[in-house]
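Only one structure is covered here, and it is reproduced in the block below.
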Protein chains: 2
Amino acid sequence: MSVTIKDVAKAANVSVASVSRVLNGRDNVNEETRKRILAAVRRLRYMPNGAARSLITRRTHTLGALLPDLHGEFFSELIRGIDIAARARGLHLLVSSSHGDADEAAAALRTMRGKVDGLLVMSPYANADFLADNLPPALPTVLINTPHTPENCMAMSVDNHAGAYAMVEHLASLGHRHIAFISGPEDNFEAQNRLHGYRDAMAALLPGVPVQILEGEFTDNSGYLAGQHLLQLEQRPDAVFAANDMMAIGCLSALHEAGLRVPEDIALAGFDDIPLARYITPKLTTVRVHIAELGEQALARLVQAIEEPNTDAEREKTLQSELVLRASSGTGAHETRRKTAHASKV
Amino acid sequence: MSVTIKDVAKAANVSVASVSRVLNGRDNVNEETRKRILAAVRRLRYMPNGAARSLITRRTHTLGALLPDLHGEFFSELIRGIDIAARARGLHLLVSSSHGDADEAAAALRTMRGKVDGLLVMSPYANADFLADNLPPALPTVLINTPHTPENCMAMSVDNHAGAYAMVEHLASLGHRHIAFISGPEDNFEAQNRLHGYRDAMAALLPGVPVQILEGEFTDNSGYLAGQHLLQLEQRPDAVFAANDMMAIGCLSALHEAGLRVPEDIALAGFDDIPLARYITPKLTTVRVHIAELGEQALARLVQAIEEPNTDAEREKTLQSELVLRASSGTGAHETRRKTAHASKV
DNA sequence: GGCGCAACTGTAAACGTTTTCATAATCCAT
DNA sequence: ATGGATTATGAAAACGTTTACAGTTGCGCC
């Protein structure tokens, strides 16, 4: 059995109340007894039990993060942003990821009750019904990149639509007309928004030019296959815009294999600005998403909601993305950046 | 106030004991009352409080992970491995990272008491004294990549020494004699082992050839600077072996800028096999560390120690690394792999 | 009819804290 | 001396569970 506050109290010849007081930095305890207590704490190697503590204080100093995965650049960055923000506030992070199905996600969510002070949720299953059924009631929650925001939650997302729109705008400004798009998975909310951004921009900026959409799945291999497909189209596009960087990189391999030069023969652009993007040749023009910042801000808002429950800040917030122009779109060697239009729907 | 087990009991006209029983899947409760209870649970949206539960059961179904950082390829992979293994067992992960100093790490460790069933620790501060002072007693712990393993802990690490040794062996087998080394940070345990591996291999395989060591810091920029330095040496090396891939990539930039061809003029090798390594030109020869597997195995061992505390498995375990031969060392275009000698010290 | 047994259910103690309230001790001004 | 503050301390309730134990039934059987 490990040492409890009672053992410390006994060892220091005081009551548990006094021990608790010094451990929580209350000032109303005699200097001499405080010393005696601290000595006992040290001698016995006492560490308070977190479960007992949070049971009574209703505070865990822990935030839960429900994520679909931990793999890859995106989540690595997201977690990093969340972590930085959490650490700055002395909070722990309880992560739960990789949910095969909605039931698993639900179970994970339910077991968080009593273990966290708030929740960060990013999940393909996070629709209104799911959340209503499985979110512990009265637990502050921030949704990340979800299609819909229920009444009692806050939301935080990336402006994928504006980013994609801006990229098409950029490619069009360079004189490209036939701009093909390699899409992401159909059931992915972000992929949908990027596709819409592409469609809307094509319709608005290049009316009459037919859209060309190749199906991808956000993997480099699917980008490679799309690249091969693309070369067989009767109308070869002037430019290819992939819905994420990994697919752009895969596509680049296919283009290189076919002997095409990028950007001379065909321009290429991606989305995300993963670290790899600046290391490949040519360097990839892309839309930068400030993923870490997304995590940081989401957490910051969550903490605010926990600490000041009444002051209701704006429920939804959208993070602007940024155009990163590099060699692959044929804009010259120097990298430039430009904020995308903020087309928030709030 | 949120709904507790008492509310459910009242609503179903039973005692809390019965509610607890059906929630924990005990069979000794009447089918009809079970239904009544489950109905009440659903109606009230009851979710058990984790803190109360773990206070009495002494189980949290959560594992703690103390890491120095969450940023970068290494930790992303490590966390991924840990996460996969945790999820397979229905466990949560409480992460705490980015500790600026030992005190912070200590605080993080202490607050884990009562919130986790076991601990995964990877920290530059994790020496014997630190652990003895701050590890909650009797809490199963697995140390990752630490120099020394105290009595009551288990350890898991990568065989950096053998990996570096094998790489020198490979380079020497290609006829290179003057093999320079770009080292990592001096206070980093892994960097030290890689350096030792290099030194030992040079002494054993190329006796008489002087070692050439450039100081780096594991960043691509420090690799770039080392590369510039290296070109000014009176004896230009035939090959450069960087203590990690990022530095190799930085060095590559410097070599390219100076007009040198890799591997024709100078061979290059790294360590880690980060995803980037196969995307740069030429593809980087490197030592692959199975980082995710490291995390998985560490967690698996931790869980075993928790579930069967008496059966003491081997305390330390070393994970073999693997040589990945690609173009940058001049071995031809095809990638080959080869296990490094297992020079475990157990 | 009483006994033992099985099946079900409830009571209450425990887990390790925090915190309210009461009490004791000290002090200072009358 | 006496009273009212002020300060330091302890006793005990509370947090929401689980579980050992003790009932309470109903049943079959001598």
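Every chain is numbered from 1 and lettered A, B, ... according to where its sequence line falls, protein lines coming before strand lines.
- Checking the phosphate oxygens (OP1, OP2) of C:dG16, a side-chain nitrogen or oxygen of B:R58 falls inside 4.0 Å.
- Residue B:R59 contributes atom CZ, which lies 19 Å from atom C1' of C:dG16 at whole-angstrom precision.
- Summarising the geometry, the separation between CG on B:L55 and C1' on D:dA14 is reported as 12 Å, rounded to the nearest angstrom.
- For C:dG16, the OP1/OP2 oxygens have no side-chain nitrogen or oxygen of A:R53 closer than 4.0 Å.
- Ion pair A:E32/A:K35 not flagged as a salt bridge, since none of the NZ, NE, NH1 or NH2 atoms sits closer than 4.0 Å to an Asp/Glu carboxylate oxygen.
- A:M122 pairs with exactly one of A:V142, A:T146, A:L143, A:L78 by the side-chain contact (heavy atoms from CB on, under 4.5 Å) rule, that one being A:L78.
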Donor-acceptor contacts, no H, no angles, side chain residues 106-118 of chain A, under 3.5 Å, sequence neighbours left out:
residue: A:R110; atom: NH1; partner: A:N134; partner atom: OD1; Å: 3.2
residue: A:T111; atom: OG1; partner: A:A107; partner atom: O; Å: 3.2
residue: A:T111; atom: OG1; partner: A:A108; partner atom: O; Å: 2.9
residue: A:T111; atom: OG1; partner: B:H92; partner atom: NE2; Å: 3.4
residue: A:R113; atom: NH1; partner: B:M47; partner atom: O; Å: 2.3
residue: A:R113; atom: NH2; partner: B:S2; partner atom: OG; Å: 2.8
residue: A:K115; atom: NZ; partner: B:T60; partner atom: O; Å: 2.6
residue: A:K115; atom: NZ; partner: B:T62; partner atom: OG1; Å: 3.2
residue: A:D117; atom: OD1; partner: A:T60; partner atom: N; Å: 2.8
residue: A:D117; atom: OD1; partner: A:T60; partner atom: OG1; Å: 2.9
residue: A:D117; atom: OD2; partner: A:T60; partner atom: N; Å: 3.2
residue: A:D117; atom: OD2; partner: A:T60; partner atom: OG1; Å: 3.4
residue: A:D117; atom: OD2; partner: A:H61; partner atom: N; Å: 2.8

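- At a threshold of 4.0 angstrom between heavy atoms, the contacts of A:S20 include nucleobase atoms, whether or not backbone atoms are also involved.
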Problem set entry | Evaluation steps, salt bridge (charged side-chain N to carboxylate O under 4.0 Å, His left out), between A:E104 and B:R87 | CA-CA 10 Å; A:E104 257 180 46; B:R87 189 172 81 94; 2.5 Å; yes
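- Rounded to 10°, the helix from C:dG1-D:dC30 to C:dT30-D:dA1 has 60° between the axis fitted to its first five pairs and the one fitted to its last five.
- In this structure, A:R26 reaches the C:dT19 phosphate: one of its side-chain N or O atoms is under 4.0 Å from OP1 or OP2.
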For this session: Could you run through nucleotides 7-13 of chain D and give me one letter per nucleotide, 5' to 3': B if any protein heavy atom sits under 4.0 Å from the base, S if only the sugar-phosphate is that close, - if neither?
Result: -SBBB--
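- Summarising the geometry, the separation between CG on A:L23 and P on C:dG16 is reported as 16 Å, rounded to the nearest angstrom.
- Contacts classified as side chain to side chain donor-acceptor pair (under 3.5 Å) and involving residues 12-25 of chain B (residues at least two apart or in different chains) are given here: B:S20-B:N24.
- Partners of A:T33 under the side-chain hydrogen bond (donor to acceptor under 3.5 Å, both in side chains) rule, at least two apart in sequence or in another chain, do not exist in this structure.
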For this session: Applying side-chain contact (heavy atoms from CB on, under 4.5 Å), run through B:T141 and B:V121 and close with a yes or a no.
Result: CA-CA 7 Å; B:T141 302; B:V121 174; 4.0 Å; yes
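- Taking OG from A:S76 and CG from A:D83, the interatomic distance works out to 10.5 Å, rounded to the nearest 0.5 Å.
- The distance between atom CD of B:E32 and atom C1' of C:dC8, rounded to the nearest whole Å, is 12 Å.
- Rounded to whole Å, the distance from CG on A:N49 to C1' on D:dT17 is 14 Å.
- Partners of B:D103 according to the side-chain hydrogen bond (donor to acceptor under 3.5 Å, both in side chains) rule, which considers only residues two or more places apart in sequence or in another chain, do not exist here.
- Checked against D:dG16, D:dT17, C:dT17, the side chain of A:I5 finds its nearest nucleotide in C:dT17.
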